[in-house]
Asks: 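This is the structure I want to talk about, given as structure tokens.
Note: hydrogens, waters and symmetry copies are ignored here, and every other heavy atom, side chains too, is used. In the text below, chain A, chain B and the rest are named by the order of the sequence lines, each starting its count at 1.
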Amino acid sequence: MGGGSRVKQYERRFFEGEQVRGKGEEESFHVLRTFERYEVREAEGGGYELLKEGKVIGIFSEAKVEGGRIVFKLSKGMSLEFLDGKVREILTPEKAELCGLIASDGGIYINSEKSVYEVYFDSEDKELAELFINLIREVYHETARDYIRFEDTGEGEKAYHKPRIYSKKIAYDLANLGIKGPEDFEFHPPVAHLDEEGKRAYLRGFFSGDGNISMTGERAHSIRIYSTYKEGLEEVRQMFIDLGFHPHEIRTDHRKPGWRDLHSFTIPAEDHLKFIEEIGSRKPEHMEKLQLIRMIDERKK
Amino acid sequence: MSSLSKKLMTKIGFERFIPQIDISDKKSWFWRHGVELPEIFVPLWQLLVDKTLLEEVSLKGLHDFLGFNGRIFLSLVMPDELLDNLRFKDYFRLVKNLGPDATMIPDNYTYVDDPLFLSWSQTVRLVSLANDFLKLDIPLIGLIKGANHLQIDWAIRKQVEMGYVSFAMPARELFEDNLLGDLLPSALMSLKWFSKRTRTDFELLLYGIGRRLKYREIGSYSNLSWFLEAKQGHYFKGGKLYNFKDPEIRFEECTCEACRGMMPQELIDLMLSDKELGLKTLALHNLLDMNRALTRGR
């Protein structure tokens, strides 16, 4: 059987066939970064190799080095982050924003008996429906379809946008992140898979659906995030704190019998500019108001 | 070495992909699970390390023992310590008892970091045994081996002179040691040159490699990767190897005969509920994917 190097033959047998990088190969790779037991090498022909104790454990087409961390691009809106010797899978900002949208006004429906696998989003805003479709396309390279329903509101017909995608892989991929359900209205931000950029994108998506900006007095505005699911809202509030905001405590409004309690918290006025710059919203109505808040705050200065 | 004999041989006519099997592990006997491929390689060394199995197979012959109706090729690529214990009479006895449809000539060991005289003596031994094997009355597969270009060229030339037209090149270790990119082109050059000179068409099979290489002169591939990688929980897609948990493939449905619409996530679930069935399904999937990837565009 012997061919190649006799020394490596012994190594191969010792390592029971696991791939071990040899000195000859090191010449064609150069070390990009070392994290304790891990090493990232760049290949001459493009691509990156991740090694653990000299053994190749992954090959990636793209990698981004930022300060003390390195991020490898995976597929379906996922990246592999190396930070302080720890490895985790994180969501790209696009996927994080999609998760935020689904958590606010969307959902995932899986019925394996009837083979129905649906990811959906409901909104009065055409722009948010388009955003959902674009994010699905960007993350999964598949196209969702917008089903428009017209309802008579008494003041004329109003269009409701209901974009949906029927795909087993997308439904399972998102459901496995635990972003929505299993109870009605239940949602949880995938905090373990979000870096700072991902957190901001998730909050942007969530706020676009379940956010509100209203006048509270002359030249004063309130930025409010609400939900009927308190635990999830607490997790959202904690994300704001993690990002350096100072959100007010959650307050609960008891509504008429048969309606679920509505929980909400507000972003204090001193954080409004930070909110506009770092989070923002995709809802046209919000965008106009945020622009107004920025103008008023800048005039106050 | 006395003068070399010569024999008129025709090409084996290898399929593009010939799976190796593990004769001691019935999970790799894919034809029992409804997958049909016309040829397999059976490595002799797997029998040599299990005397009871060897006796049983020797009594029945490979075809009866395996219940395989296609062509069975005997691979004589084996670990060094087994090579050293075999003389040509042993090979003849084994080949006669096992009854394969074709056999490789005996393997040798030619390390690039050994003193040259060792690899040369092994190369001479390979040619000498190739000459002895001409006495066998079954189709023969020559071997392309050597620690450098000269040895490879000489070994090919001598085998061509003896009439060999079908060749296998054991490539796994060369590939892993980053030497294949150097030695394979020279082997292809030699074959091309002898082909022109003798006006003979040769065929080359790359043995032990689980992926398609860019050289179009390589006619066929043979490996056990489809089965070994399945045992490690690795999944082939488009001829590339993935970890089961890789999101790139995890939720992609596969329509192959083995998966029948299942995605890797469902294979994981299947493995957890029925390990044997899960492993069998994964191995068959890998086999079908590799066959598709290696035969594509032919």
Asks: Would you mind checking which part of B:Gln232 comes under 4.5 Å of any heavy atom in chain A, side chain (CB onward), backbone (N, CA, C, O), both or neither?
Replies: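 Interface part for B:Gln232: neither.
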Asks: Could you walk me through whether B:Glu252 and A:Lys169 pass salt bridge (charged side-chain N to carboxylate O under 4.0 Å, His left out), step by step?
Replies: CA-CA 6 Å; B:Glu252 290 280 359; A:Lys169 74 173 180 193; 3.3 Å; yes
Asks: CD/B:Glu253 to OG/A:Ser167 distance, rounded to the nearest 0.5 angstrom?
Replies: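 If we round to the nearest 0.5 Å, B:Glu253:CD and A:Ser167:OG are 7.5 Å apart.
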Asks: Hey, what do you get for OH (A:Tyr117) to CZ (B:Phe251), rounding to the nearest 0.5 Å?
Replies: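 Separation between the atoms: 12.5 Å.
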Asks: Among residues 89-101 of chain A, which residues come closer than 4.5 Å to chain B, judged by heavy atom distances?
Replies: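 Hits under 4.5 Å: A:Glu89.
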Asks: What part of B:Gln122 gets closer than 4.5 Å to chain A, counting heavy atoms only: side chain, backbone, both or neither?
Replies: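 Looking at B:Gln122, nothing touches chain A.
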Asks: For chain B, find which of A:Leu80, A:Asn176, A:Asp173 contributes the most heavy-atom pairs closer than 4.5 angstrom.
Replies: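 It is A:Asp173.
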Asks: Just to verify, what does B:Val112 make a side-chain contact (heavy atoms from CB on, under 4.5 Å) with, not counting sequence neighbours?
Replies: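 For B:Val112 the side-chain contact (heavy atoms from CB on, under 4.5 Å) partners, ignoring immediate neighbours, are A:Ser5, B:Ala147, B:Leu179.
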Asks: Is the number of heavy atoms from other residues, nucleotides or ligands under 6.0 Å of A:Arg88 CZ greater than 12?
Replies: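 Atom CZ in A:Arg88 is packed in, count exceeds 12.
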Asks: Got a sec: does the CE of B:Met189 have more than 12 other heavy atoms crowding it under 6.0 Å?
Replies: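 Not buried by this count: 12 neighbours or fewer within 6.0 Å.
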Asks: Between B:Glu266 and A:Lys168, is any pair of side-chain heavy atoms under 4.5 Å apart?
Replies: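 Side chain of B:Glu266 against side chain of A:Lys168, heavy atoms only: contact under 4.5 Å found.
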